[in-house]
Amino acid sequence: MPRDVILGTAGHIDHGKTSLIRALTGIDCDRLPEEKARGITIDIGFAHLELGDYRLGIVDVPGHERFIRNMLAGATGIDLALLVVAADDSVMPQTREHLAILRLLGVRHGLIAMTKVDLVDATTRSVVEMEIRDLVQGTFLADAPIVATSATTGEGLEELKRHLQRLCEQVEIRAQDQWFRMPIDRAFVVQGHGTVVTGSVPSGQVRVGEELEWHQGDGRVERVRVRSLTNHGRPVSEVHRGQRAGINLAGVPHERVRRGQELFTPGYLRPSRVLSVRVEAATLHPRGLRHRLPVHFHAGTAEVMGTLALLDADTVRAGEQALAQVFLEQPITSVWGQPFVLRDVSATYTLGGGRVLQPVAHKIRRRHVEVIEQLEKLESSSPHERMATVAWFAGLKGAELSDFIRDAGITPAEAHQGLAQLQQNGTLISLALPSRQQPLLVHIRRLQEAEERILTLVQSMHQQYPLLTSLDRQKIVAQLGYLGDVELIQTLIDRLLAAHALVGDAHRVAHAEFRPKLSANQRKLKDRIVAAHQASPFQPPEPKEFIPLAGGNAHALKDIYEVAVAEGLLVRINDQLYLAAEAEAEMRRRILARLQQGTGITVAEVRDLLGTTRKYAVPLCEYLDRCGLTRRDGDLRYLASPAEVEGKGGIPSTPTILPVPPTPRAVSSREDSDCAS
């Protein structure tokens with residue numbers, strides 16, 4: 001199959017661009033009645049030309065300065081440029097501006113046609129050729145051939161075709177597995193078929209019957225179906241990169257379609273009013289660029305008013321570059337690396353242009369060193385470094401496959417391979433959230449920053465409540481809303497628990513290095529409380545009995561109890577009942593020995609077995625039920641089955657007295673988390 005290449009013309013008004021294309025192809029690109037009446041090109045026109053193994057889609061652009069916006073719409077996505085200079089007129093203002101625009105758009109291949117040579121003598125030809133060489137010096141056309149042509153006599157047409165064919169061989173073959181996109185440059189109605197939109201396809205392919213997303217230029221994105229396709233008027237089953245395409249959209253009213261809108265693979269592009277860019281000031285106007293400059297922003301076929309905000313400079317002189325952001329009045333769709341052009345607010349001259357670094361951006365503070373350094377990484381030639389940077393900018397919201405493809409300028413295959421490598425080397429961390437089908441991919445540095453903030457908050461709360469052995473997890477989450485939603489923050493806390501940076505459970509947590517801080521009087525009170533519980537193992541005093549002894553520490557009495565629990569000296573049965581740790585272990589031993597006889601045990605028997613009263617026996621039995629040692633059946637309790645024990649936390653069958661842990665154990669306020677293990 002022939003390779004498809006898009007050729008765009010450029011040059012001053014009345015230099016013969018349209019006549020040359022008509023002589024080459026037999027197609028008149030001036031389709032509007034006004035164009036034919038006035039004899040000038042007003043809007044972009046289209047033609048095609050077969051050249052051996054290549055099929056050229058030709059975009060003819062207007063040369064008048066008033067129609068530069070149309071020229072910019074036509075120049076989007078071209079692979080080759082044909083700069084046209086009339087021999088009887090030589091280099092003119094729009095010759096210079098069109099060449100500057102082609103360079104800003106990143107066009108790399110082209111040639112020069114010197115037209116109307118039948119109207120001048122040989123000396124004039126030579127002079128004009130020298131002026132053209134001076135013009136293109138230092139540009140992508142510096143070494144391009146200059147072909148003398150005449151649309152009237154046919155001189156040079158075959159030579160021009162040969163040069164075009166050789167030039168096509170230099171065009172880089174781009175990956176065909178990219179996702180589809182097509183900026184719309186024209187829309188019309190075909191009787192019996194409905195709305196047809198046309199454009200040059202810069203990436204991907206689409207087939208009849210497939211669905212696309214349609215950005216309507218105001219931020220709204222709608223799903224549409226491809227009813228039929230054409231390429232230069234011929235019905236086709238698919239269109240792909242490098243072709244001119246006509247797409248018949250099912251159910252789309254013609255009046256809703258306009259130039260500047262875009263069609264793309266669902267999920268690929270996102271409309272945005274803020275873009276981060278690398279900008280260059282054009283050499284045509286020495287004033288350069290300044291911060292907060294109002295501009296006409298041209299990208300693809302879109303033209304939107306906006307404001308240029310320089311990030312690392314106050315001004316950019318002609319020919320110099322800077323990092324910047326563009327704040328647009330209307331959202332547009334773009335991709336990483338997409339070229340753009342800036343024109344002044346009155347749209348009379350070209351200010352500069354550049355490349356998009358972030359198609360979807362947030363406002364960046366000027367001279368913010370860390371962020372600007374990250375922005376510069378998006379200019380890296382390494383796809384993996386760009387992908388890592390995309391994830392860094394995504395923060396805790398994480399990045400998806402489409403974000404990497406759009407924002408790092410890579411193919412889906414490159415994205416899959418890159419994600420695997422970045423996860424393998426630990427740059428990207430996969431977070432599984434219950435509400436998401438796909439895991440969240442977060443940059444390790446963003447994750448570490450968030451976890452450090454959580455730990456800092458926990459330490460701050462420990463300083464505020466120095467006697468609390470653990471903190472309410474929900475209160476921690478409530479103060480971290482700026483990091484993300486509750487589900488994400490809970491997941492981060494779980495990671496810190498798994499890494500032993502925090503200790504605790506689903507309800508309460510503490511910093512792993514935290515130890516409650518008691519004053520000398522509080523330590524004495526704690527020792528008296530523990531001693532009292534040890535002296536009366538199964539009829540211990542209630543906390544309120546120590547209020548008279550606590551004096552000024554009465555308000556901290558519950559916290560002092562919790563410190564004793566964290567140190568392994570007491571075991572909480574419920575809010576009003578604690579046992580000494582040795583007593584709790586002895587209770588387990590006695591109950592277990594009795595139940596291993598195979599018969600059930602009543603509350604009264606537990607009371608007698610422990611030498612206590614019913615007041616204590618009932619909560620003690622309930623505690624053993626919660627811990628999974630016993631199973632209640634009516635008035636009797638039996639030894640729980642291994643499956644039941646495992647389901648309630650795996651309570652060991654042989655009670656033991658645990659040593660005091662090196663770090664305090666965060667204790668839940670819920671009774672079913674109070675079981676000593």
Side-chain angles (χ1 to χ4, degrees), residues 5-30 39-41 45 47-52 54 56-64 71 74-75 78-103 107-171:
V5 178
I6 296 178
L7 170 72
T9 64
H12 197 76
I13 184 174
D14 202 29
H15 275 207
K17 296 185 295 297
T18 304
S19 298
L20 181 61
I21 297 304
R22 183 168 57 244
L24 285 170
T25 67
I27 299 172
D28 186 358
C29 294
D30 283 347
I40 63 171
T41 299
H48 53 91
L49 178 65
E50 300 283 343
L51 289 177
Y54 299 93
L56 267 65
I58 302 175
V59 182
D60 183 33
V61 303
H64 197 286
M71 180 271 175
I78 64 173
D79 302 303
L80 304 174
L82 178 62
L83 181 64
V84 177
V85 182
D88 64 341
D89 215 6
S90 192
V91 174
M92 297 295 285
Q94 260 50 63
T95 314
R96 298 180 184 279
E97 186 163 21
H98 281 208
L99 178 60
I101 287 172
L102 292 175
R103 193 181 66 81
V107 179
R108 298 171 55 190
H109 307 286
L111 75 163
I112 304 161
M114 184 166 60
T115 58
K116 303 185 181 182
V117 295
D118 57 309
L119 301 181
V120 299
D121 56 26
T123 302
T124 304
R125 286 193 189 191
S126 299
V127 172
V128 172
E129 185 171 343
M130 286 190 294
E131 291 177 345
I132 293 173
R133 284 295 173 206
D134 288 340
L135 170 70
V136 300
Q137 187 176 0
T139 74
F140 70 100
L141 292 176
D143 299 320
I146 299 176
V147 182
T149 65
S150 170
T152 302
T153 66
E155 179 182 347
L157 295 184
E158 291 304 317
E159 182 185 359
L160 184 61
K161 289 180 181 179
R162 288 194 297 271
H163 281 294
L164 283 172
Q165 187 170 351
R166 283 196 291 269
L167 201 58
C168 288
E169 297 171 359
Q170 302 176 23
V171 175

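- Taking the side chain as every heavy atom from C-beta outward, His15 and Asp89 approach each other to under 4.5 Å.
- Proximity of Ile6 to Leu56: side-chain heavy atoms (C-beta onward) are nowhere separated by under 4.5 Å.
- Closest heavy-atom contact between Ala81 and Leu102: CB-CD1, 3.7 Å.
- A donor-acceptor pair under 3.5 Å is absent between the side-chain atoms of His109 and the main chain of Leu80, judged by distance alone.
- In terms of heavy-atom proximity, Ala113 sits nearest to Leu82 at CB-CD1, 3.9 Å.
- Counting all heavy atoms, side chain and backbone alike, Gly138 lies closest to Ala142 at N-CB, 4.0 Å.
- The structure places CD1 of Ile58 at 7.5 Å from CG of Leu164, a figure rounded to the nearest 0.5 Å.
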Starting from the C-alpha separation in whole Å, work towards a yes-or-no answer on side chain to side chain contact (heavy atoms under 4.5 Å, CB included) for Val5 and Leu167. CA-CA 10 Å; Val5 178; Leu167 201 58; over 6 Å; no
Verdict with supporting geometry, Leu160 and Leu24, side chain to side chain contact (heavy atoms under 4.5 Å, CB included): CA-CA 9 Å; Leu160 184 61; Leu24 285 170; 3.7 Å; yes
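- Taking CD1 of Ile112 as the start and CG of Leu83 as the end, the distance is 5.5 Å to the nearest 0.5 Å.
- The pair Arg162-Glu159 does not count as a salt bridge, with every side-chain nitrogen at least 4.0 angstrom from each carboxylate oxygen.
- Sorted by first and then second residue, the side chain to side chain donor-acceptor pair (under 3.5 Å) pairs involving residues 126-147 (not counting sequence neighbours) are Ser90-Glu131.
- Across all non-hydrogen atoms, the minimal contact from His163 to Leu111 is CB-CD1, 3.6 Å.
- Legend: residues meeting salt bridge (Lys or Arg N to Asp or Glu O under 4.0 Å) with Glu155, ordered by chain and number and at least two apart, are Arg125.
- The two residues Ala148 and Val117 come nearest to each other via the heavy atoms CB-CG1, 3.8 Å.
- Within the 4.5 Å cutoff, side-chain heavy atoms of Leu20 are placed close to those of Leu157.
- Qualifying side chain to side chain contact (heavy atoms under 4.5 Å, CB included) partners for Glu169, counting only residues two or more places apart in sequence or in other chains: Tyr54.
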Can Ile101 and Glu97 be said to form a side chain to side chain contact (heavy atoms under 4.5 Å, CB included), step by step? CA-CA 6 Å; Ile101 287 172; Glu97 186 163 21; 4.0 Å; yes
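- When all heavy atoms of Ala144 and Gly110 are compared, the closest pair comes out as CB-O, 3.4 Å.
- In this structure Pro93 satisfies the side chain to side chain contact (heavy atoms under 4.5 Å, CB included) test together with His12, sequence neighbours excluded.
- Scanning for salt bridge (Lys or Arg N to Asp or Glu O under 4.0 Å) contacts around Arg108 gives Glu172, with sequence neighbours left out.
- Residues satisfying the side chain to side chain donor-acceptor pair (under 3.5 Å) test with Arg96, not counting sequence neighbours, are none.
- With contacts defined as side-chain heavy-atom distances shorter than 4.5 Å, the pair Thr152/Leu119 does not qualify.
- Partners of Ile27 by side chain to side chain contact (heavy atoms under 4.5 Å, CB included), not counting sequence neighbours, listed by chain and number: Thr25, Ala47, His48.
- Residue pairs meeting the salt bridge (charged side-chain N to carboxylate O under 4.0 Å, His left out) criterion with at least one member in residues 112-121, sequence neighbours excluded: Asp14-Lys116.
- By the side chain to side chain contact (heavy atoms under 4.5 Å, CB included) test, Glu50 is found to be paired with Arg55, residues two or more places apart in sequence or in another chain being considered.
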